[in-house]
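Order of listing sets the numbers, starting from 1, for every ligand and every atom in it. In this text the structure is predicted, and so the values were computed from the model without any measurement.
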Amino acid sequence: MRNTKILVFGRIGQVGWELRHKLACLGRVTALEYPEMDFSKPEMIRTAVRAETPAIIINAAAFTAVDKAEGDPDLAMAINGTAPGVIAEEARRLGSLLVHYSTDYVFDGAKSSPYVESDLPHPVNVYGKTKLAGDEAIQSVGGDYLILRTSWVYGARGSNFLLTMLRLAQERPQLQIVDDQIGAPTPSECIAEATANILAQLLAPVGGGLNGRSGIYNLTCTGETSWFGFAKTLLTQSSGTLGCTVPNLIPIKTSEFPRPAKRPANSRLSCQRLEETFGVTLPAWEHALSLVLDTLTEGSSRITSQA
Ligand SMILES: NC(=O)c1ccc[n+]([C@@H]2O[C@H](COP(=O)([O-])OP(=O)(O)OC[C@H]3O[C@@H](n4cnc5c(N)ncnc54)[C@H](OP(=O)(O)O)[C@@H]3O)[C@@H](O)[C@H]2O)c1
């Protein structure tokens, strides 16, 4: 297991960053980042995979700027739609496992209950369409793969809703937050930890291997909230620990906050299949949030005590 070669794409992204830490005890991890690895150039992907010959490839790289994707659909498709298919071809050629991340945005959000893996995707924006193209490309190559569908990713670093809210709370006395989109905020650290847990099972000398379990698995924290509920909870929790002031929070409808890309109203994903197949369940989103805030508090108190 120690000699297992693992290749990670998207080294400094939210999930990619956490993966490097969580996978360290599973094997020898090589992690690549843009521009040394540019997904708009398929030959770069093929060359890197053939040079590394990894047993496991994890793709955490993506064009994740949902609104920007509306204005640059070709680049978004190259990165999110075409590149995963190229990686899947190279993984299959080597007999390697490909782990790839997908999104709640492959769905239109019209369903009234949480989405299961067999629900028909119907993306309502360019990002969702390109991510769906990536999922389909991997499936059509037909090698060993796990597509882990997650939602509302955030963490102690990177570009995300939590850090945006903490910044805006210091700048504005009042914040209007969308309250009619429902989902499960999921920390990048939880995603990486769950990925490492699944891989540890697959690498186990006894009872390991994928054994026909290739497929799509939803992977989010437990429970649900709106963006408004997430903001209210995170700002209230952080007011105690990070000393952040809680601005006046006003719930608004999606229609009152027009953006270039449409968003699904229902982003809830049922994670039952993941639990039944790999025995993996992520924590409740509120608990996961408190752990991320602990990390931020720890970081800020270290900076304060060094000053
Ligand atoms: N963020 C979310 O809310 C969310 C929700 C559901 C699913 N997901 C999925 O979860 C996965 C991880 O997301 P994340 O939030 O960790 O993403 P992220 O923080 O935006 O990281 C994406 C990574 O991809 C890299 N990248 C961008 N363009 C590239 C290119 N042309 N070639 C190679 N790499 C490139 C980025 O590099 P630069 O930093 O240099 O641009 C970055 O390291 C993705 O598959 C995403 O679609 C995310």
- Message: Are Pro247 and Arg172 packed together at the side-chain level, in the sense that at least one heavy-atom pair is separated by less than 4.5 angstrom?
- Response: no
is_close_aromatic(Trp152, Trp227), centroid dist under 6.0 Å: yes
Using a strict cut-off of less than 4.0 Å between a Lys/Arg side-chain nitrogen and an Asp/Glu carboxylate oxygen, indicate whether Arg20 and Glu33 qualify as a salt bridge.
no
So the salt bridge (charged side-chain N to carboxylate O under 4.0 Å, His left out) pairs with at least one residue in residues 72-83 (sequence neighbours excluded) are none
>> The test is ring-ring contact (aromatic ring centres under 6.0 Å, His included); show your working for Tyr154 and Phe230 and say whether it passes.
In response: CA-CA 11 Å; Tyr154 72 98; Phe230 184 30; 5.0 Å; yes
Can you list every pair where an N/O of ligand 1 is under 3.5 Å from an N/O on the protein?
unit_1, atom_1, unit_2, atom_2, d
ligand 1, 3 (O), Val153, N, 3.0
ligand 1, 15 (O), Gln14, NE2, 2.9
ligand 1, 16 (O), Gln14, N, 3.2
ligand 1, 16 (O), Val15, N, 2.9
ligand 1, 19 (O), Gln14, N, 2.9
ligand 1, 20 (O), Thr64, OG1, 2.6
ligand 1, 24 (O), Ala62, N, 3.1
ligand 1, 24 (O), Ala62, O, 3.4
ligand 1, 31 (N), Asp38, OD1, 3.2
ligand 1, 32 (N), Met37, O, 3.4
ligand 1, 32 (N), Phe39, N, 2.8
ligand 1, 37 (O), Glu33, OE2, 2.6
ligand 1, 40 (O), Glu33, OE2, 3.1
ligand 1, 43 (O), Gly13, N, 3.2
ligand 1, 43 (O), Glu33, OE1, 2.8
ligand 1, 43 (O), Glu33, OE2, 3.1
ligand 1, 45 (O), Tyr101, O, 3.2
ligand 1, 45 (O), Lys131, NZ, 2.7
ligand 1, 47 (O), Tyr127, OH, 2.6
ligand 1, 47 (O), Lys131, NZ, 2.9

NZ (Lys68) with more than 12 external heavy atoms under 6.0 Å
no
